Amino acid sequence: MSSERSTAVRDFRHFIGGEFIASESGKTFEKRRPTDNALVGHIHEGGQAEVDAAVRAARDAMQGPWSRMTVEQRTALLYKVADEITRRFDDFVAAEMADTGQPRSMMEHAFIPRGAANFKIFADVVKNVATESFQTPTPDGAGALNYAIRVPKGVIGVICPWNAPLLLMTWKVAPALACGNAVIVKPSEETPGTATLLGEVMNAVGIPKGVYNVVHGLGPNSAGEFLTRHSGVSAITFTGETRTGAAIMKAGADGIRDVSFELGGKNAGLVFADCDFDAAIEGSMRSVFLNCGQVCLGTERLYVERPIFDRFVATLKERAEALKPGHPEDRATTLGPLISQEHRQKVLSYYEKARAEGATVVTGGGIPEMSGDLGQGSWVQPTIWTGLPETASVVREEIFGPCCHITPFDSEDEAVRLANDTQYGLSTAIWTRDLSRAHRVAARIDVGITWVNSWFLRDLRTPFGGSKQSGIGREGGVHSLEFYTELRNICVKL
Ligand code: NAD
């Protein structure tokens, strides 16, 4: 299977000042395909020299034609970026599929189109946003006029994770560029493909050189850390693990640089007995198993009201066992692999911990049998546990795999208390037909995003982010402008 489907080994270079360049040090590291561990390519590891060069290119761009463009000219270019991604749709799908191993259908229907759409959406936001103004009385009676303008912050460092690479990167790059900034992206070491390809798109549509830069590399003592420590970077936007966020926040403290953080989660789903049962099962299947459980908004804790607990567990088990792990090109495939062998080790260690802590393993708990070359991939079984106390590691810690623990509850107050008993506060999903209860419970759960009778239903104009240790700030719609611009007040004495 793999030989006819494998692609040529790639060379992932940095994209700096509009050119694809190799690392000065000559250092590279390997990217392996999650489905069968085959070599995808060699990634150039950026060091201080590459980060310095990218910062210089971005700073120069902020003095060049980019800074003189009108909002209309800038946003017209961003529309072209979206159209060019769409024109090269198959290249983007192939690059992301090689990097993540997730099914083609998910790339085609969600991750790539939404990655392109981000450019149009934020172009529209920037074109249509108003700023405030005040007429201010003065003792001489003539008054003054105060009005605010938005100016770009400068050079934005964009540090990205691997779980939805293009979508999550453009969610930051698009508003940053729409606001007139230049960016330096540090893609995840696991997913170099689409960030590199976007460099070709930027050149093709005429985005001025140095406006979009990519430096590949790792985190600590590598491109990630050097970028966040660089005094020429005005602000840092980051999506990834909470403890990486803490390290980046320390780096950002030097020079008092602003940060926007989208971090980890341990999200709860609350299923009340009066819910639309089929919809709750359907939604929970997606929230637990989509992208092989590697979604920050995903549900790893399910709380189900006792009268429907047994039926819910039995139905979710049946549905989980019907998931089909397989090659991303096979239309029958409904479950991809984990991102890497290393991440599989982490997820399997939680599968072990659950057993050691006394879980009832309802289904899964191991590695599925895969045929041929797929046997070398980083596959795990979809897994459901019950019977653990709230103190168990798999109930408290983010696993980022296709698994969940299900606990029964007996009252609304208990459900709210259980959902809130976590250091995280990213998202929750509530399943009930009682709308009064839905509003009441939604307001009491300490998270940034709550869905009622749905999950991952996104309107990109809405505020997106987490409370507690799940993030700092909100992005999305006009909220992104708060981070990617400085608001400058001008007071005119009349
Ligand atoms: P990660 O924190 O390990 O890595 C993210 C990025 O940070 C990578 O590019 C990495 O190279 C870089 N990095 C690592 N250490 C660094 C350092 N010291 N300085 C600078 N950069 C550094 O996260 P991941 O494993 O790639 O992604 C999974 C995590 O992301 C999960 O915790 C998930 O919940 C979270 N996530 C959150 C959201 C959200 O919107 N809240 C969305 C997607 C993923």
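Everything quoted here is computed from the prediction, not taken from an experiment. We count ligands from 1, going down the list as the structure has it; atoms in each ligand are counted the same way.
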Geometric N/O contact T239 with ligand 1, under 3.5 angstrom: no
Whether N213 side chain and G210 backbone form a donor-acceptor pair below 3.5 Å: yes
Heavy atom of protein closer than 4.0 angstrom to atom 21 (N) of ligand 1: yes
Within-cut-off N or O pair, N163 and ligand 1, under 3.5 Å: no
Distance from atom 27 (O) of ligand 1 to nearest protein heavy atom, with residue and atom: P161 CB, 3.4 Å
Close-contact set for ligand 1 against I248 heavy atoms, below 4.0 Å: 19 (N), 20 (C), 21 (N)
Heteroatom proximity flag, T228 to ligand 1, N/O under 3.5 Å: no
Distance-only side-chain donor-acceptor flag, S234 / R59, under 3.5 Å: yes
Residue and atom name of the nearest protein heavy atom (relative to atom 12 (C) of ligand 1), distance in Å to one decimal: I159 CG2, 3.6 Å
Distance filter under 4.0 Å to L426 heavy atoms, resulting ligand 1 atoms: 41 (N)
Residue F238 vicinity, atoms of ligand 1 by number, heavy atom under 4.0 Å: 2 (O), 5 (C), 6 (C), 7 (O)
Atom 32 (O) of ligand 1: the protein heavy-atom neighbour that sits closest, reported with distance to 0.1 Å: E398 OE1, 2.6 Å
Distance filter under 4.0 Å to P187 heavy atoms, resulting ligand 1 atoms: 9 (O)
Polar atom proximity, E189 to ligand 1 (N or O, under 3.5 Å): yes
Geometric class of the W385/Y351 ring pair [parallel <30°, tilted 30-60°, perpendicular >60°]: perpendicular
Residues forming a salt bridge (charged side-chain N to carboxylate O under 4.0 Å, His left out) with D421, sequence neighbours excluded: R396
Atoms of ligand 1 close to K186 [distance to a heavy atom under 4.0 angstrom, numbered from 1]: 8 (C), 9 (O), 10 (C), 11 (O)
Could you give the side-chain donor-acceptor pairs of residues 111-120 under 3.5 Å, partners two or more places apart or in another chain?
residue: N118; atom: ND2; partner: L167; partner atom: O; Å: 3.3
residue: N118; atom: ND2; partner: T170; partner atom: OG1; Å: 2.9
residue: K120; atom: NZ; partner: D83; partner atom: OD1; Å: 2.8

Inter-residue atom distance D446.CG - Y424.OH, 0.5 Å rounding: 14.5 Å
From the candidates L263, N221, N291, the one that places a heavy atom nearest atom 37 (C) of ligand 1: L263
Distance-only side-chain donor-acceptor flag, T242 / E398, under 3.5 Å: no
Derivation and outcome, side-chain hydrogen bond (donor to acceptor under 3.5 Å, both in side chains), residues E45 and S25: CA-CA 8 Å; E45 183 178 353; S25 67; over 6 Å; no
Under-4.0 Å heavy-atom contact with ligand 1, by part of V295 that carries it: neither
Pick from L297, T244, L227: the one approaching atom 15 (N) of ligand 1 most closely through a non-hydrogen atom: T244
Side-chain donor/acceptor of R104 to backbone N/O of V93, under 3.5 Å: no
Validation row, ring centre Y212 to ring centre W66 under 6.0 Å: no
Distance (rounded to the nearest 0.5 Å) between I430 CD1 and Y303 OH: 14.0 Å
Nearest protein heavy atom with distance in Å, relative to atom 26 (O) of ligand 1: W162 CD1, 3.0 Å
Closest to atom 8 (C) of ligand 1 among G157, G224, C160 (heavy-atom distance): C160
Top protein contact for atom 35 (C) of ligand 1, by heavy-atom distance: G240 O, 3.3 Å
Close side-chain approach of F92 to V201, heavy-atom, < 4.5 Å: yes
Derivation of the salt bridge (Lys or Arg N to Asp or Glu O under 4.0 Å) call for R150 and E486: CA-CA 6 Å; R150 287 192 179 277; E486 292 288 357; over 6 Å; no
Which of the ligand 1 atoms, numbered from 1, are nearer than 4.0 Å to a heavy atom of S188: 9 (O)
G471 near ligand 1 by a heavy-atom separation under 4.0 Å: no
Protein residue, atom and distance nearest to atom 23 (O) of ligand 1, heavy-atom basis: E241 N, 3.4 Å
Under 4.0 Å to a heavy atom of F464 - the qualifying atoms of ligand 1, by number: 40 (O)
Parallel, tilted or perpendicular: rings of F456 and W451 (30°, 60°): tilted
Minimum-distance protein heavy atom relative to atom 36 (N) of ligand 1: C296 CB, 3.4 Å
Per-residue contact class, L168 against ligand 1 - non-hydrogen pairs under 4.0 Å: side chain
Nearest non-hydrogen protein atom, atom 28 (C) of ligand 1: F400 CE2, 3.6 Å
Any donor-acceptor N or O pair under 3.5 Å, side chains T196, H216: yes
